[in-house]
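On a predicted model such as this, the values are computed, not experimentally measured, just so you know.
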Amino acid sequence: MAEQLAEYLVSGDDFLQWESAQEFKYELIANRIYPMTGASRPHNLITAKLIALLIHCLQAADCEVYPSDMRVQVDSSGTYTYPDVVIVCGEPRFRPYTTQDTLLNPALLIEVLSPSTELIDRNQKRRQYLQIPSLIGYMLVAQNMPLIQAHLRVDNDWRYRAWQGLDSTAVIEALGCELPLRDIYRKVGME
């Protein structure tokens with residue numbers, strides 16, 4: 001559905017100026033504007049638990065965890081998104097001449113899949129995200145079943161991993177983090 005709503009082929013600079021005057025958030029993917037949709041209760045629970053687990057895991061690391069209000073500049077020409085969870089390690093770099101609201105060097109991006117955005121998250125965003133030089137991983141988290149799929153960078157190659165079931169634990173070796181699916185999906189209705 002969100003793909004059908006894509007409109008206006010615009011440049012990144014035009015988008016940033018236009019979006020700053022809008023009441024709601026939008027994403028620019030390959031120079032097309034997509035409205036951000038509201039999130040369901042399961043989506044919000046899963047996102048909150050991911051953030052809590054990652055903050056706890058990374059508390060001694062030189063990393064920061066952001067919720068979906070941190071805009072990420074994926075490329076210089078036309079992709080600006082608001083992933084559900086963003087992690088940056090080391091010194092965060094931001095788009096010049098703006099407030100610190102557009103991150104340039106994410107390490108890990110996580111999208112909690114929604115019916116209206118799943119195709120975009122799996123296709124357009126994945127293709128764009130995997131081109132970010134600083135990125136070590138892109139994770140897709142289902143909200144209708146305990147399933148996490150990930151594209152993780154290993155020795156400059158992208159490797160696909162999946163963890164399914166409440167007894168599984170997603171492992172992000174580059175960050176030294178383990179994410180038990182039982183903890184992520186608790187109270188979502190899959191126990």
If you apply the rule side-chain contact (heavy atoms from CB on, under 4.5 Å), what do you find for C177 with L58, and how did you get there? CA-CA 8 Å; C177 288; L58 296 170; 3.6 Å; yes

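- The two residues V188 and P42 come nearest to each other via the heavy atoms CG1-CB, 3.8 Å.
- When side chains are defined from C-beta on, P92 counts as touching E64, because their heavy atoms get closer than 4.5 Å.
- In the hydrophobic clustering of this structure, L109 does not group with V171; members are Ile, Leu, Val, Met, Phe, Trp, Tyr whose side-chain heavy atoms approach within less than 4.5 Å, directly or through other members.
- Side-chain contact between L179 and D183 is absent, with no heavy-atom pair separated by less than 4.5 Å.
- Residues Y82 make up the rest of the hydrophobic cluster containing M36, defined by ILVMFWY side-chain heavy atoms closer than 4.5 Å, directly or through other members.
- In this structure, T169 and W163 have side chains that are not in contact, with every pair of non-hydrogen atoms separated by 4.5 Å or more.
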Using the side-chain contact (heavy atoms from CB on, under 4.5 Å) rule, take V65 and V86 through it: C-alpha gap first, then chi angles, then the decisive distance, then the call. CA-CA 6 Å; V65 181; V86 177; over 6 Å; no

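- Listed for the T102 side chain is no donor-acceptor partner under 3.5 Å among the backbone atoms of R95.
- Distance check: N123 CG to E118 CD gives 9.5 Å after rounding to the nearest 0.5 Å.
- Contact of the R182 side chain with the D167 side chain is registered, since non-hydrogen atoms from C-beta on lie closer than 4.5 Å.
- The distance from the CZ atom of F15 to the OG atom of S20 is 9.5 Å, given to the nearest 0.5 Å.
- Minimum interatomic distance between Q59 and H56 (heavy atoms only, all atoms of both residues): CG-O, 3.3 Å.
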Any chance you could lay out the side chain to side chain donor-acceptor pair (under 3.5 Å) test for Q128 and Y138, step after step, and finish with the verdict? CA-CA 11 Å; Q128 297 286 328; Y138 175 48; over 6 Å; no

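- Salt-bridge check for D69 with K25: passed, with a basic side-chain N closer than 4.0 Å to an acidic carboxylate O.
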Going through the checks in order, is the side-chain contact (heavy atoms from CB on, under 4.5 Å) test met by V85 and Y66? CA-CA 6 Å; V85 182; Y66 300 110; over 6 Å; no

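- A distance of 5.5 Å separates CD1 in I110 from CD1 in I87, rounded to the nearest 0.5 Å.
- Ring centroid separation for the pair Y26 and W18 comes in under the 6.0 Å cut-off.
- Counting only distance, with no hydrogens or angles, the side chain of N105 and the backbone of E91 share a donor-acceptor pair below 3.5 Å.
- A distance-only check finds no donor-acceptor pair linking the side chain of K125 to the backbone of P83 [under 3.5 Å].
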Quick one: do V88 and L103 satisfy side-chain contact (heavy atoms from CB on, under 4.5 Å)? Show the steps, please. CA-CA 9 Å; V88 63; L103 184 68; 4.0 Å; yes

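- Side-chain heavy atoms closer than 4.5 Å link hydrophobic residues (I, L, V, M, F, W, Y) into clusters, and following such links, even through other members, never connects L104 to V74.
- Side-chain contact, S11 with D14: a donor N or O sits under 3.5 Å from an acceptor N or O.
- Residues I136 and A174 share a closest heavy-atom pair of CD1-CB, 3.5 Å.
- The CD1 atom of I46 sits 14.5 Å away from the NZ atom of K187 when rounded to the nearest 0.5 Å.
- With no hydrogens or angles considered, no side-chain donor-acceptor pair links Y129 and Q124 at under 3.5 Å.
- A donor-acceptor pair under 3.5 Å is formed between the side chain of D84 and the backbone N or O of V112.
- A pairwise comparison of heavy atoms in P106 and S134 identifies O-OG, 2.7 Å as the closest pair.
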Below 3.5 Å, can you tabulate the donor-acceptor pairs from side chains in residues 142-157 to any protein atom, sequence neighbours excluded?
| unit_1 | atom_1 | unit_2 | atom_2 | d |
| --- | --- | --- | --- | --- |
| Q143 | OE1 | S40 | OG | 2.7 |
| Q143 | OE1 | H43 | N | 3.3 |
| Q143 | NE2 | L113 | O | 2.7 |
| Q143 | NE2 | S114 | OG | 3.4 |
| Q149 | OE1 | R122 | NH1 | 2.9 |
| Q149 | OE1 | R122 | NH2 | 2.8 |
| Q149 | NE2 | Y160 | OH | 2.9 |
| R153 | NE | L135 | O | 2.7 |
| R153 | NH2 | I132 | O | 2.9 |
| R153 | NH2 | L135 | O | 3.0 |

Would you sort out whether R126 and D121 count as a salt bridge (charged side-chain N to carboxylate O under 4.0 Å, His left out), showing the intermediate values? CA-CA 6 Å; R126 181 184 53 83; D121 292 341; over 6 Å; no

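- No side-chain donor-acceptor contact under 3.5 Å links T81 to the backbone of E27.
- Taking 4.5 Å as the limit, some side-chain heavy atom of C89 sits within range of a side-chain heavy atom of L175.
- Looking at heavy atoms from C-beta onward, R71 lies in side-chain contact with L16 at the 4.5 angstrom threshold.
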